[in-house]
Amino acid sequence: MPIKKMWGGRFEEGGDKLVDEFGASISFDQQMAKEDITGSLAHVKMLKATEILPAEDADKIIAGLEELLQELDENGLPFDVENEDIHMNIEALLTEKIGPVAGKLHTGRSRNDQVATDFHLYVKERLPMIIDAIKGLQEALVKLAKDNVETIMPGYTHMQHAQPISYGHYLMAYFAMFQRDVERFEFNKKHTDLSPLGAAALAGTTFPIDREMTADLLGFDAPYANSLDAVSDRDFALEFLSNASILMVHLSRLCEEVIYWCSYEFGYIELSDAYSTGSSIMPQKKNPDMAELIRGKSGRIFGDLMGLLTTMKGLPLAYNKDMQEDKEGTFDAVKTIMPSLKVMSGMINTLSVKKETMAHATTHDFSNATELADYLATKGVPFREAHEIVGELVLSGLKTGKNLADISLEEFQKINPKIGPDVYEVLKPEVAVARRKSLGGTGFDEVKKQISQAEKLLNL
Ligand code: ARG
């Protein structure tokens, strides 16, 4: 015999087990148990204050909910799929505890505003945790950047050597990306910080409820202005998932480079043993599995976003059961990005930089070609012409195995008599970097400025 549903009054026949299981959300929405009880506590305190419920009944409900909260904290609560979702499970447990007076809790409320409230509370509580974890990663990047202001590496465009840059400068570019992530999650708070409670099923309620009071008790900025919007808005979760997706794009790009750079061909960095794995067959292997895994996990976060966008896109106002699909992807995103950020921070904190290998890559290439073209331009050669001249030098250098700095002064002067012995200084990679003093450029002083601004931002 199936148990009687809380909404079973207008039904004549019992439920179908398969349907009950398919419709149930308790397997995952139990993650909002704390939020559900907290929401109910605010609701019942308001029902007492507005005298919608006699104080004596309200007090019994409050005491029962507080006990449940404590039990949840200590040993967890026993949930039953027969009770469908977290809201009805908590009410069933409350009824077991205090008897039929528990049924008064749902006065002036619906599961529609209840689930929206729980979900807002869930996301609201996690936003600062995510922001903190991003800041942890930013701190690791700033520290590494500080140690590597004067570490020279090839800067790339099209994955081809372009111009030498400071490794610190490179790291600070990621710092800037993660700073935008912090700001996006900060903004996410604004739309999450609204209370749907009291919107009831869709239209508000005839009871003289006080929505300001429940919003206040729950720590929300304000109640939603429109009851239909309150129960059907999932923008805050969509914003959360799109912020999480952009964050994963950044993590994934960083991982991609970590993977390349610890390869035999590059050898720019080495990951610590703790953040690497071996192979069961090839004894020599030290694999960057963690970076690959984070790069791989970006896929599931994009999937979580696409899932919710698609779920929401055709929904008429107000609540539809489709919206029960809003939670798993969001929970998954939280469960994925938190450890991804922590592992990435650990990886950055413990990697070692092969400064010589990095620098060496810029002394055996043509990444100083722009320097020579600029040098000629400062001697009055039109830049287009200078570009052509240097291009030809590169071409012949590629054939003879000579770099630009290997060309003798005599040969240089045959090309243009204005070239003097000072050209060799200009061709040095570290000089090329140091001279890029334009605002936000890779010049050492500019990189130091970025680092000190970042330190201020992080209160380091
Ligand atoms: N479990 C539901 C959800 O997650 C709660 C709201 C149910 N409301 C309803 N009218 N069926 O969306």
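Read the numbers this way: they start at 1 and go in the same order the structure lists the ligands and their atoms. As a basis for the values below, the full set of heavy atoms in this structure was taken, side chains included, without hydrogen atoms, waters or symmetry mates.
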Hey, which atoms in ligand 1 end up nearer than 4.0 Å to a heavy atom of [X]?
X: Asp85; value: 1 (N), 2 (C), 5 (C)
X: Val115; value: 3 (C), 4 (O), 5 (C), 6 (C)
X: Ser25; value: 1 (N)

Fit a plane to each ring of [X] and [Y], take the angle between them on a 0 to 90° scale, and name the class: parallel (under 30°), tilted (30 to 60°) or perpendicular (over 60°).
X: Tyr170; Y: Tyr167; answer: parallel
X: Tyr122; Y: Phe331; answer: tilted
X: Phe266; Y: Trp261; answer: tilted

Subject >> Mode of His87 contact toward ligand 1 - side chain, backbone, both, neither (heavy atoms, under 4.0 Å) >> reply: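 For His87, the contact with ligand 1 is made by the side chain alone.
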**OP:** Using a 4.0 Å heavy-atom cut-off, say whether Lys327 meets ligand 1 through its side chain, its backbone, both or neither.
**Re:**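 Side chain only.
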Original post:
Between Asp273 and Lys286, is a salt bridge (Lys or Arg N to Asp or Glu O under 4.0 Å) present by the stated rule, with each step listed?
Top reply: CA-CA 8 Å; Asp273 285 2; Lys286 185 171 176 185; 2.9 Å; yes
Subject >> Check: Arg436 and Glu446 side chains under 4.5 Å, non-hydrogen atoms >> reply: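 Side-chain contact under 4.5 Å: no.
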Original post:
In the protein, which heavy atom is nearest to atom 12 (O) of ligand 1, and how far is it?
Top reply: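 Result: Tyr319 OH, 2.4 Å.
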Original post:
For atom 11 (N) of ligand 1, what's the nearest protein heavy atom and its distance?
Top reply: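 Of every protein heavy atom, Arg111 NH2, 3.6 Å lies nearest to atom 11 (N) of ligand 1.
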Original post:
Which one of Met32, Gln324, Met323 has a non-hydrogen atom at the shortest distance from atom 2 (C) of ligand 1?
Top reply: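 Considering heavy atoms of Met32, Gln324, Met323, the nearest to atom 2 (C) of ligand 1 sits in Gln324.
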Original post:
Is any N or O atom of Asn112, backbone or side chain, closer than 3.5 Å to an N or O atom of ligand 1?
Top reply: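 Looking only at distances, the answer is yes, because the N/O contact criterion of under 3.5 Å is met.
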**OP:** To the nearest 0.5 angstrom, please state how far the CG atom of Leu238 sits from the NZ atom of Lys313.
**Re:**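 Here the rounded value is 13.5 Å.
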**OP:** Please test Gln284 against Tyr264 for side-chain hydrogen bond (donor to acceptor under 3.5 Å, both in side chains), starting from the C-alpha separation and ending with a verdict.
**Re:** CA-CA 12 Å; Gln284 85 284 10; Tyr264 182 81; over 6 Å; no
